[in-house]
Number of protein chains: 2
Amino acid sequence: MTDKTGFVAVKPVRAYEAIVEQIEQAIATRQLNPGDRLPSERDLMGTFAVSRATVREALRVLESGGLVRSRPGDPRGPEILQASPATLHKAMNRLVRSGTIKLSELVEFRVMLEGASCTLAAEHRTPEQLEEMRAAVEAMESSIAGGSAVFSQADVDFHATVWEASHNQLMQICGDAARGALVDLVNDRIDSAPDSGAQMKLSLAHDYEIFNAIEAQDGARAGQLARTFVIEYYGEMIEHGDRNGLALLGVPSE
Amino acid sequence: MTDKTGFVAVKPVRAYEAIVEQIEQAIATRQLNPGDRLPSERDLMGTFAVSRATVREALRVLESGGLVRSRPGDPRGPEILQASPATLHKAMNRLVRSGTIKLSELVEFRVMLEGASCTLAAEHRTPEQLEEMRAAVEAMESSIAGGSAVFSQADVDFHATVWEASHNQLMQICGDAARGALVDLVNDRIDSAPDSGAQMKLSLAHDYEIFNAIEAQDGARAGQLARTFVIEYYGEMIEHGDRNGLALLGVPSE
DNA sequence: CCGAAACAACTGGTCTGACCAGTACACTTG
DNA sequence: CAAGTGTACTGGTCAGACCAGTTGTTTCGG
């Protein structure tokens, strides 16, 4: 693999990349913390010995990565930001929409996530979160005759609360990203047919069952329900050849 | 929430952002496809009616998002890239390393991922992939007396192959990111104590069992094994208050 | 004495125009 | 026709300039 000299391939490092690297490192090692301020661009060009254009290019990529924020006129300079899931969200969306990821993979991913988060939510939910879920389910029920827009909003609220109640941000983020990507894909595919009445009733019934399991703190059942429901919902959109993995995930042990 | 006029808050859009937006859109809608070329920066400044510095800032954020690549001297202009998981990978790493995510969450996430990917791998693995896994496990076995570096490399290889065999890139990416973040965290915590001999033997035994289940195409068992092993491995590093969720995930349905 | 308006000194956003070191491709030349 | 040479581009960087916006201070009017 590698030569005995230990030499490795190099690629030219552009000035702005080196700057990005340094600042990224400083943030990663906590030398710079959220709320801290970077020196002004004009100062930075001094400390890095480059032109302002180069400093700015570096700041732009940091900004696009959600690490800093520049505001014109602010004499305190660019602000170091708290890490946020926004860029992860965007990256996942892009990847899915690019077609690199198959629908079946996305559904498998979501089945797993949804199942696990329901299991965890049953265990970790606070009473307030339980009430939020109840409210969301009731909102679904009462809006079932009305517009499908407010219905699906309530549906989303319910699942969002479940994710929150799982107390696992990673699942929350990934689940949300997967959900968003999934509805995008499905909307593209079926020309955004609005939820039919029958479908709405089904969704409501599903969510209601899950809610009951979470209320009863039956994590295993909540997870199992969530998995089967997601599979049921998306299963038929998946090409037959890609369905076998899904079936397996539905019933993880025996 | 919103006024009856439908007015919404605005925030100033900087010129380079508008350019990024347009190009991103063109890629998302397949007007630009991987392999296609953007006009040169000098042309772009004409079509967008901005200076080259602005065009360049836009290209830098596109480039940092993995959407395009610029090479000096290439007369065909910046290239549209195939979407790659790299930026997702980076985003997840950043999020995890920022400390926004607790260790217990990370472990829960990985338990779930590892379990699911083993289940899927048991179903989807090709004969070649099975052989790769066998080779990796055997490499672990033979290197157990030698350095711990080559041992853990073989260990990583084994799990990488499993992910690949799951034929689910999303899990592969997320799993890899979670694994990387996890070893980082653990290394920080225990001053990178190298694997002891006993630990190596344990890991080997675990991987071997998983391998057998995958070979036998017993997805449920492979997943179950993977979950329990990950829990066993990381469980005691987690604060007691955060362990209950883990236990639940270990045995999803009774 | 105090509040409000004007100011000054910064900030980031953008532009112009320039130079260099690469690359690709056509054009010579043997 | 092959091999070497040129040239016209490319992106990477720099310098210096202007504008619009923010902030903190200073001044001025009550």
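Proteins get letters first, then strands, A, B, ... in listed order; numbering begins at 1 in each.
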Next on the checklist: How would you summarise protein contacts on nucleotides 10-21 of chain D per nucleotide, using B for base, S for sugar-phosphate only and - for none, with heavy-atom distances below 4.0 Å?
Outcome noted: BBBBB--BB--B
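Residue pairs satisfying the salt bridge (charged side-chain N to carboxylate O under 4.0 Å, His left out) criterion with at least one member in residues 157-171 of chain B, sequence neighbours excluded, are absent.
Residue A:R37 contributes atom CZ, which lies 18 Å from atom P of C:dC10 at whole-angstrom precision.
Between A:Q129 and A:H124, the side chains place no donor N or O within less than 3.5 Å of an acceptor N or O (distance only, hydrogens not considered).
A salt bridge links B:R14 to B:E17: one of the charged nitrogens lies within less than 4.0 Å of a carboxylate oxygen. With salt bridges taken as basic N to acidic carboxylate O contacts below 4.0 Å, one links B:E131 and B:R134.
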Could you list the donor-acceptor pairs under 3.5 angstrom formed between side-chain atoms of residues 22-29 of chain B and any protein atom two or more places apart in sequence or on another chain?
unit_1	atom_1	unit_2	atom_2	d
B:E24	OE2	A:R94	NH1	2.6
B:T29	OG1	B:Q25	O	2.9
B:T29	OG1	B:A26	O	3.4
B:T29	OG1	B:Q31	NE2	3.0

